Amino acid sequence: MSRPLRTAVGVVLTAVMLFPIYWMINVSLTRDTDMRDDPPHLFPLHGTLEGYRAVLDQQLPYLGNSLVIGLGTVLLTVVLSAPAGYSLARLRPRGGGVLSFVLLVAQMIPSIIMAMGFYAIYLRLGVLNSTRGLIVADSTIAVPFGVLIFTAFMSGIPAELTAAARIDGASQLRTFWSVVLPVSRNAVVTVSLFAFLWAWSDFVFATTLDGGGTQQPITLGIYHYIGNNNQQWNAIMATAVVASIPATLLLIVAQRYVAAGVTAGAVKD
């Protein structure tokens, strides 16, 4: 295949993949009266910003809640998964291989099954419809992934680096905090990004554990626009556009760190 042909195929495939994003923006600018036109307009001929006004008037609290939940999930995930990854990579505890396998299996459990289990537990503890409950629930998805990423990355850190710290009298905790964690920046960014994105886009945990609360995330804010007789598609799509901006910016800023973090441990010297 010649280079121009490969370029053309690449452009076509990219356009196909990006078309849903374009259509989301197009619908967010389309009036309700033009929404059911047949054929649909490829461009918002009579554009409106009513959907974005609805976002500013109604959705900002939901966006704030999602930001708190996302950042809380990131913090809890890194706090739990980084030491666990260091232990599996450097301390090599007995049964570490079995634990790694269990972490892999844990990622295959459907979210709805976990949500029902959390519902029964939270009902007894009285933490339904709370931000902290969603943070803990979302972290259960991110922590197994984080442990595996940290384990793979920290396994590639030269043993001479940690040995030098131990010779200087550093404890295991000091070695982890002052030596291993700073050089694991790529893994920290990767785990933090994926944890934030999972929490930001979560719907199953949110609707199950916080369906009637006052601190609902943006996914439920969008869901409130959908009803049997009321489907505000421009407001829905405008909210989706605004909600995708933080995730897009994070991906752009962190992409080079994510590439290094995900591929860590894939190649051995």
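The structure presented is a predicted model; accordingly, all values stated were derived computationally and were not measured.
- Between the side chain of Trp200 and the backbone N or O of Ala195 there is no donor-acceptor pair closer than 3.5 Å.
- Residues Asp210 and Pro217 approach most closely at OD2-CD, 4.3 Å, considering heavy atoms.
- The closest side-chain heavy-atom distance from Ile141 to Ser111 is below 4.5 Å.
- Heavy-atom minimum distance, Phe150 versus Gly85: CB-CA, 3.9 Å.
- The hydrophobic cluster containing Val242 also contains Leu251, counting ILVMFWY residues as joined when their side-chain heavy atoms lie under 4.5 angstrom apart, directly or transitively.
- Minimum interatomic distance between Ser81 and Thr77 (heavy atoms only, all atoms of both residues): OG-O, 2.5 Å.
- Two residues are said to be in side-chain contact when any heavy atoms from C-beta on lie closer than 4.5 Å; Leu91 and Gln172 meet this criterion.
- Screening Val143, Thr140, Asp138, Ile135 for a side-chain contact (heavy atoms from CB on, under 4.5 Å) with Leu76, the sole residue that qualifies is Ile135.
- With rounding to the nearest 0.5 Å, the separation of CE in Met116 from CD1 in Ile121 is 12.0 Å.
- The closest donor-acceptor contact from the side chain of Ser244 to the backbone of Val241 lies under 3.5 Å.
- Atom-to-atom distance recorded for Ser171:OG and Phe176:CZ is 11.5 Å, nearest 0.5 angstrom.
- Once rounded to the nearest 0.5 Å, the distance linking OG of Ser130 with OH of Tyr122 reads 7.0 Å.
- Remark: the backbone N or O of Met154 is paired with a side-chain donor or acceptor of Arg90 at under 3.5 angstrom.
- We find the CE-CZ distance between Met24 and Phe19 to be 12.5 Å, quoted to the nearest 0.5 Å.
- Taking every heavy atom of both residues into account, Thr30 and Asp34 meet most closely at CG2-CB, 3.8 Å.
- The backbone N or O of Leu63 lies less than 3.5 Å from no partner atom in the side chain of Ser66, so there is not a single donor-acceptor pair.
- Phe194 places a side-chain heavy atom less than 4.5 Å from the side chain of Thr190.
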Tell me, with the steps shown, if Thr175 and Tyr86 meet side chain to side chain contact (heavy atoms under 4.5 Å, CB included).
-> CA-CA 10 Å; Thr175 300; Tyr86 174 73; 3.9 Å; yes
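- Gln59 CD to Asn65 CG: the interatomic distance, rounded to the nearest 0.5 Å, is 10.5 Å.
- Side-chain contact between Ile157 and Val180 is present, with at least one heavy-atom pair separated by less than 4.5 Å.
- Put simply, the side chain of Arg132 reaches to within 4.5 Å of the side chain of Val127, judged on heavy atoms.
- Of all heavy-atom pairs spanning Asp202 and Ala206, the tightest one is OD2-N, 3.0 Å.
- Linking ILVMFWY residues whenever their side-chain heavy atoms come closer than 4.5 Å, directly or via other members, leaves Tyr22 and Val16 in distinct clusters.
- Ile21 is connected to Phe43 through a chain of hydrophobic side-chain contacts under 4.5 Å among Ile, Leu, Val, Met, Phe, Trp and Tyr, so both are in one cluster.
- Checked against the 6.0 Å centroid threshold, Tyr225 and Trp233 do not count as a close aromatic pair.
- With 3.5 Å as the limit, one finds a donor-acceptor pair spanning the side chains of Tyr52 and Ser28.
- Listed for the Ser192 side chain is a donor-acceptor partner under 3.5 Å among the backbone atoms of Val188.
- A donor-acceptor distance shorter than 3.5 angstrom exists from the side chain of Arg166 to the backbone of Ala170, with no hydrogens or angles considered.
- Shown are Val74, Ile218, Thr131; of these, the side-chain contact (heavy atoms from CB on, under 4.5 Å) with Ile69 is made only by Thr131.
- Put simply, the side chain of Val189 reaches to within 4.5 Å of the side chain of Arg185, judged on heavy atoms.
- With Thr208 contributing its side chain and Phe205 its backbone, the two residues share no donor-acceptor pair below 3.5 Å.
- Side chains of Gln58 and His224: no donor on one and acceptor on the other come within 3.5 Å.
- Side-chain atoms of Gln216 and Thr207, non-hydrogen and from C-beta on, never get closer than 4.5 Å to each other.
- Proximity of Leu104 to Gln107: side-chain heavy atoms (C-beta onward) are separated by under 4.5 Å at one or more points.
- The heavy-atom pair separating Phe153 from Val183 by the smallest distance is CE2-O, 3.3 Å.
- Between the OG1 atom in Thr48 and the CG atom in Leu29 there is a gap of 8.0 Å [rounded to 0.5 Å].
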